[in-house]
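Side chains are part of it too, since the values below use all heavy atoms of this structure and drop only hydrogens, waters and symmetry mates. As the structure is a prediction and not an experimental result, all values here were calculated from the model.
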Amino acid sequence: MTTSTGVGELNDLEELQKRSHPIRGVVTLIVGVIGLIIAIGLSISFGAADISLGTVWTAVTHFSPELTTHQIIHDIRLPRVLGAALVGASFAVAGAIMQGMTRNPLADSGLLGLNSGAAFMLAVCFAFFPGLPYMYLILWSFVGAGLGVAIVYGIGSLSKGGLTPMRLVLAGAAVSALLGALGEGVALYFRIGQDLAFWYAGGVSGTKWSHLQILSPWILVAMIGALVLSRSITVLSLGEEIAVGLGQRTAVVKIWGMIIVLVLAGAAVSVVGAVGFVGLIIPHLTRYIVGHDYRWIIACSLVYGALLVVLADLVARVINPPYETPIGALIAFIGVPFFLYLARKGGKEL
């Protein structure tokens, strides 16, 4: 005999499935991939020296090291734009996973201390371990991201009434400010401000092929893990009690989800710096279009997160030539009003 609780859980799952739109998901994914390809082509083409799209295509398919334009494309612009795509996808997928697991519409790696924790640990590495290989910088970024989120959850869980979405964001803002101030203090004391300026401002101008060779496997494995975990996150987004009632091991899902988030956020910060709001904006937009099935939300967030950062990097290079505007500032210009809009809604559960 089916209990009323079981019937309620099944009804919730059926309602969630009705609110998902797979056809929209396919169309949104195809449009996003096409837009990303076009954005990558334009980003490689435009810069201090404008290069035609035909030359870009030739340099990619038939690279000639004797040609200066081919060297610019291959050695500078191509790793830069691919780095921007990887970073955007990482931040967006991390934000989608966090929002699904916590049922917190304000969850984002930048707002919950992960980015600032990773940036703080990078400051410590530059101060005490100068010349550390890039691989170790990435590992310390993961440690810093874990430290940031652990402090945020620790502070938030101590408050009376539990860890509400708004308390989590407030704790994240406080911890982010603290770790940011500590990082700047380390930079001033050890006179490494110039070395850290790139990470604090946010940008992908220093991305090299060697960086991508180290980062790509980490990000690829984490992305595959996110897609594998996406169905479980969909169930978890219904609420912990419902997920347990449907037979899900919620603790295991949360542990793996947080590991994936730490890898994605730590890797992204090691390249671009403490850029926020990508993981806040993109999952909301994709959820509005494709519904509440995280299989589609995560897949679309991957593509549109990459698209957002690639376009932001392109605008950063052409808005005030020959100088570059920090992409963190450009994305924050969109992200801050979006955050205020969500906060005004009262942080409704997903």
Side-chain angles (χ1 to χ4, degrees), residues 82-99 101-102 107-129 132-153 172 175-176 178-180 182-183 186 195-196 198-200 202-204 206-208 210-226 229 254-280 282 298 301-302 305-306 309 327-328 331:
L82 292 178
L86 284 175
V87 163
S90 297
F91 277 137
V93 171
I97 292 173
M98 292 175 72
Q99 290 175 16
M101 289 197 309
T102 63
D108 167 60
S109 61
L111 295 174
L112 296 185
L114 278 86
N115 293 4
S116 57
F120 167 69
M121 200 55 72
L122 285 173
V124 172
C125 288
F126 280 124
F128 295 100
F129 309 104
L132 200 65
Y134 188 68
M135 179 65 183
Y136 293 100
L137 287 178
I138 295 175
L139 292 175
W140 281 109
S141 290
F142 297 157
V143 173
L147 174 67
V149 77
I151 296 173
V152 169
Y153 273 87
V175 171
S176 295
L178 172 64
L179 292 175
L182 288 174
V186 170
D195 296 329
L196 283 175
F198 167 76
W199 272 275
Y200 284 124
V204 288
T207 307
K208 300 176 182 177
S210 58
H211 297 168
L212 297 181
Q213 288 174 354
I214 296 172
L215 281 173
S216 299
W218 291 91
I219 293 176
L220 179 62
V221 171
M223 290 294 182
I224 293 172
L229 207 63
K254 287 181 178 180
I255 290 171
W256 279 110
M258 191 50 65
I259 290 172
I260 291 170
V261 168
L262 291 177
V263 170
L264 292 175
V269 171
S270 71
V271 175
V272 76
V275 174
F277 298 109
V278 177
L280 177 70
I282 297 300
I298 289 175
S301 293
L302 189 159
V309 177
I327 64 172
I331 296 175

List the steps, then state whether side-chain contact (heavy atoms from CB on, under 4.5 Å) holds for Ile138 with Leu215.
CA-CA 8 Å; Ile138 295 175; Leu215 281 173; 3.5 Å; yes
Hey, mind stepping through Ser270 and Tyr134 against side-chain contact (heavy atoms from CB on, under 4.5 Å) and telling me if it holds?
CA-CA 9 Å; Ser270 71; Tyr134 188 68; 3.4 Å; yes
Taking the side chain as every heavy atom from C-beta outward, state whether [X] and [Y] have any atom pair closer than 4.5 Å.
X: Val275; Y: Val87; value: no
X: Phe142; Y: Trp218; value: yes
X: Trp256; Y: Ile97; value: no

In chain order, what residues pass the side-chain contact (heavy atoms from CB on, under 4.5 Å) check against Ser216, with sequence neighbours excluded?
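Ser216: side-chain contact (heavy atoms from CB on, under 4.5 Å) contacts with Leu86, Leu212.
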Who passes side-chain contact (heavy atoms from CB on, under 4.5 Å) against Ala107, sequence neighbours left out?
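Partners of Ala107 by the side-chain contact (heavy atoms from CB on, under 4.5 Å) criterion, ordered by chain and then number, come out as Met98, Gln99, Thr102, Asn104, Leu112.
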Closest non-hydrogen atom pair, [X] against [Y]:
X: Cys125; Y: Leu132; value: SG-CD2, 4.1 Å
X: Ala267; Y: Ile219; value: CB-CG1, 4.0 Å
X: Gly183; Y: Phe120; value: N-CD1, 3.7 Å
X: Gly148; Y: Val175; value: O-CG1, 4.0 Å
X: Val261; Y: Ala94; value: CG2-O, 3.8 Å
X: Ala265; Y: Leu114; value: CB-CD2, 3.7 Å

How many angstroms lie between atom [atom1] of [X] and atom [atom2] of [Y], to the nearest 0.5 angstrom?
X: Ile259; Y: Leu229; atom1: CD1; atom2: CG; value: 10.0 Å
X: Met101; Y: Ile255; atom1: CE; atom2: CD1; value: 10.5 Å
X: Ile331; Y: Ile327; atom1: CD1; atom2: CD1; value: 5.0 Å
X: Leu302; Y: Ser90; atom1: CG; atom2: OG; value: 8.0 Å

For Ser301, enumerate each residue passing the side-chain hydrogen bond (donor to acceptor under 3.5 Å, both in side chains) test, keeping only those at least two apart in sequence or located in another chain.
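side-chain hydrogen bond (donor to acceptor under 3.5 Å, both in side chains) list for Ser301, sorted by chain: Thr286.
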Mind checking side-chain hydrogen bond (donor to acceptor under 3.5 Å, both in side chains) for Asn115 and listing every partner two or more places apart, or none if nothing turns up?
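For Asn115, the residues satisfying side-chain hydrogen bond (donor to acceptor under 3.5 Å, both in side chains) (neighbours in sequence not counted) are Ser109.
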Identify the residue among Val263, Ile260, Leu264 that makes a side chain to side chain contact (heavy atoms under 4.5 Å, CB included) with Met223.
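The residue from Val263, Ile260, Leu264 that satisfies side chain to side chain contact (heavy atoms under 4.5 Å, CB included) with Met223 turns out to be Leu264.
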If you apply the rule side-chain contact (heavy atoms from CB on, under 4.5 Å), what do you find for Ile282 with Phe91, and how did you get there?
CA-CA 9 Å; Ile282 297 300; Phe91 277 137; over 6 Å; no
Quick one, Thr207 with Val204, criterion side-chain contact (heavy atoms from CB on, under 4.5 Å). Give me CA distance, side-chain angles, the key distance, then yes/no.
CA-CA 6 Å; Thr207 307; Val204 288; 3.7 Å; yes
Can you sort out the partners of Trp140 under ring pair (Phe, Tyr, Trp, His ring centres under 6.0 Å), two or more places apart, ordered by chain and number?
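Here no residue qualifies.
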Ring pair (Phe, Tyr, Trp, His ring centres under 6.0 Å) partners for Phe277, two or more places apart:
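Testing Phe277 for ring pair (Phe, Tyr, Trp, His ring centres under 6.0 Å), a comparison that skips the adjacent residues, returns none.
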